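Here is the structure we will look at, set down as structure tokens.
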Amino acid sequence: MSSTARDKLVLTIVGWLAAFLIFFPILWMVVTSFKTEIDAIATPPKLAFSPTVENYAAVRERADYVHFALNSIVISVGATLLAILISVPGAYAMAFFPKKHTKDVLMWMLSTKMMPAVGVLVPIYLIAKNIGAIDTRWGLTAVYTLMNLPIVIWMLYTFFKEVPKDILEAGRMDGAKPKQEVWMLLMPLSLPGIASTALLSIILCWNEAFWSLNLTVSNAAPLTTFIASFSAPEGLFWAKLSAASTVAIAPILIFGWLSQRQLVRGLTFGAVK
């Protein structure tokens, strides 16, 4: 075997091992969801067991899954669309009309993601309470939009920087106004990057638990709250919790699997010229 073929084999094995290690917690959760509570807490873990769907039946009886899933969809998609709508003109201005402190502004926006969310919980909760946004879809959508805005602007800024300026300048010479320049030239050229940014934002919104647990009760509660509701004072019921987690992550896993090609294409947009 040549050294090149051996290197490829080693890299392939390492890649599959890394993928298995990443996917193993999800696999274990799915397997646990089909166990009884006794089998789920058995030590050492029981690999041979009789599968049961009683946990899924208990989850369905205890909570309205469709209600929580619909909230997750509306809030995640709404927050993503709003973040894209705000970020496109902002990223366009910073990418094509940079000022002296443009990079400082970008770094400041990114630095806000380093602050613990609990540090601003009290003021945001009080603001939400005063304007009637507690346990509302629009309130959580606004918070999720602000939460993802730095990342969305940074990603769009990076993608827009890869678009040749000559194309936009040619459009201006043909009489294109800024709005037409963005809509008819920049957006089509950056579509893979915008799509991958939107996909990442949806995933981040779907997985966000801190704000949903603190700003919702029942009406606007997404699937993260649905999962947390299976933690009882009596303790954690691992099998039922695993079943609830499985049905909660199933939609976003399927969505991510179907859109993985677009996500990879967008994240590598502009990497090779």
Side-chain angles (χ1 to χ4, degrees), residues 69-99 101-113 115 117 120 124 127-128 131-133 136-163 165 167-168 171-172 176-208 210-212 215-216 220 222 224 251-252 255-256 258-259 262-263 265-267 269-270:
L70 184 61
N71 284 339
S72 285
I73 293 172
V74 171
I75 293 169
S76 298
V77 174
T80 296
L81 291 176
L82 189 56
I84 294 291
L85 186 64
I86 297 172
S87 299
V88 166
Y92 164 75
M94 287 188 283
F96 296 103
F97 305 98
K99 302 298 181 182
H101 298 292
T102 294
K103 290 187 177 180
D104 295 333
V105 172
L106 285 168
M107 287 302 300
W108 171 77
M109 286 191 295
L110 191 62
S111 69
T112 61
K113 294 295 296 178
M115 180 175 62
V120 292
I124 288 182
I127 292 173
I131 64 176
T136 61
R137 287 177 178 175
W138 68 267
L140 204 57
T141 298
V143 172
Y144 281 11
T145 300
L146 296 174
M147 175 188 72
N148 286 337
L149 206 55
I151 294 177
V152 174
I153 289 181
W154 252 97
M155 291 186 67
L156 291 182
Y157 169 80
T158 303
F159 294 135
F160 289 172
K161 288 286 287 185
E162 298 296 334
V163 175
K165 294 183 178 180
I167 297 178
L168 301 184
R172 294 189 202 117
K177 296 180 180 179
K179 188 182 297 184
Q180 296 171 322
E181 184 180 320
V182 172
W183 181 253
M184 301 179 68
L185 294 175
L186 184 61
M187 296 283 282
L189 290 171
S190 307
L191 192 58
I194 294 173
S196 65
T197 302
L199 293 174
L200 180 61
S201 177
I202 289 175
I203 292 171
L204 291 175
C205 290
W206 193 279
N207 294 332
E208 173 61 31
F210 179 82
W211 292 112
S212 64
L215 298 180
T216 63
T224 47
I252 200 66
F255 176 73
L258 294 176
S259 58
Q262 184 65 39
L263 183 61
R265 181 188 174 196
L267 292 175
F269 176 70

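This is a predicted model, so every value here is computed, not measured. Count residues from 1 along the sequence.
The number of heavy-atom neighbours closer than 6.0 Å to CH2 of Trp108, taken from other residues, nucleotides and ligands shown, is 12 or below. Atom NZ of Lys113 has more than 12 neighbouring heavy atoms from other residues, nucleotides or ligands inside a 6.0 Å radius.
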Test side-chain contact (heavy atoms from CB on, under 4.5 Å) on Leu185 and Val163; report intermediate values, then the result. CA-CA 10 Å; Leu185 294 175; Val163 175; over 6 Å; no
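Counting only distance, with no hydrogens or angles, the side chain of Ser190 and the backbone of Gly193 share no donor-acceptor pair below 3.5 Å.
The nearest pair of heavy atoms linking Trp154 to Leu106 is NE1-O, 2.8 Å. Of all heavy-atom pairs between Pro192 and Leu189, the closest is CD-O, 4.1 Å. Considering every non-hydrogen atom in both Pro150 and Thr112, the closest pair reads CG-OG1, 3.5 Å. What you find for Trp211 and Met147 is that their closest heavy atoms are CD1-SD, 4.2 Å. Across Tyr144 and Ala79, no two heavy atoms sit closer than the pair CB-CB, 3.6 Å. Summarising the geometry of Met155 relative to Ser196, their closest heavy-atom pair is CE-OG, 4.4 Å, with the distance given to 0.1 Å.
A 4.5 Å side-chain heavy-atom check between Val105 and Met109 finds at least one atom pair inside the cut-off. Using a 4.5 Å cut-off on side-chain heavy atoms (C-beta onward), Trp206 and Ile75 make no contact. Annotation: side chain of Met107 is not in contact with side chain of Asp104 (no heavy-atom distance under 4.5 Å). Glu208 has its side chain out of reach of Thr224: every pair of non-hydrogen atoms, C-beta onward, lies at least 4.5 Å apart. Side-chain contact between Thr197 and Phe159 is present, with at least one heavy-atom pair separated by less than 4.5 Å.
Leu140 contributes atom CG, which lies 6.0 Å from atom OG1 of Thr216 (distance to the nearest 0.5 angstrom). In this structure, Phe255 CZ and Ile73 CD1 are separated by 10.5 Å, a value rounded to the nearest 0.5 Å. Within the model, atoms CD1 of Ile153 and CE of Met94 stand 5.0 Å from one another, a figure rounded to the nearest 0.5 Å. In this structure, the separation between CG on Leu215 and OG1 on Thr136 is 8.5 Å, given to the nearest 0.5 Å. A distance of 11.5 Å separates CG in Asn148 from CD1 in Ile86, rounded to the nearest 0.5 Å.
Across Trp183, Phe160, Phe97, a single residue satisfies ring-ring contact (aromatic ring centres under 6.0 Å, His included) together with Tyr92, and that is Phe97.
Listed by first then second residue, pairs satisfying side-chain hydrogen bond (donor to acceptor under 3.5 Å, both in side chains) with a partner in residues 75-88 read Thr80-Ser201, not counting sequence neighbours.
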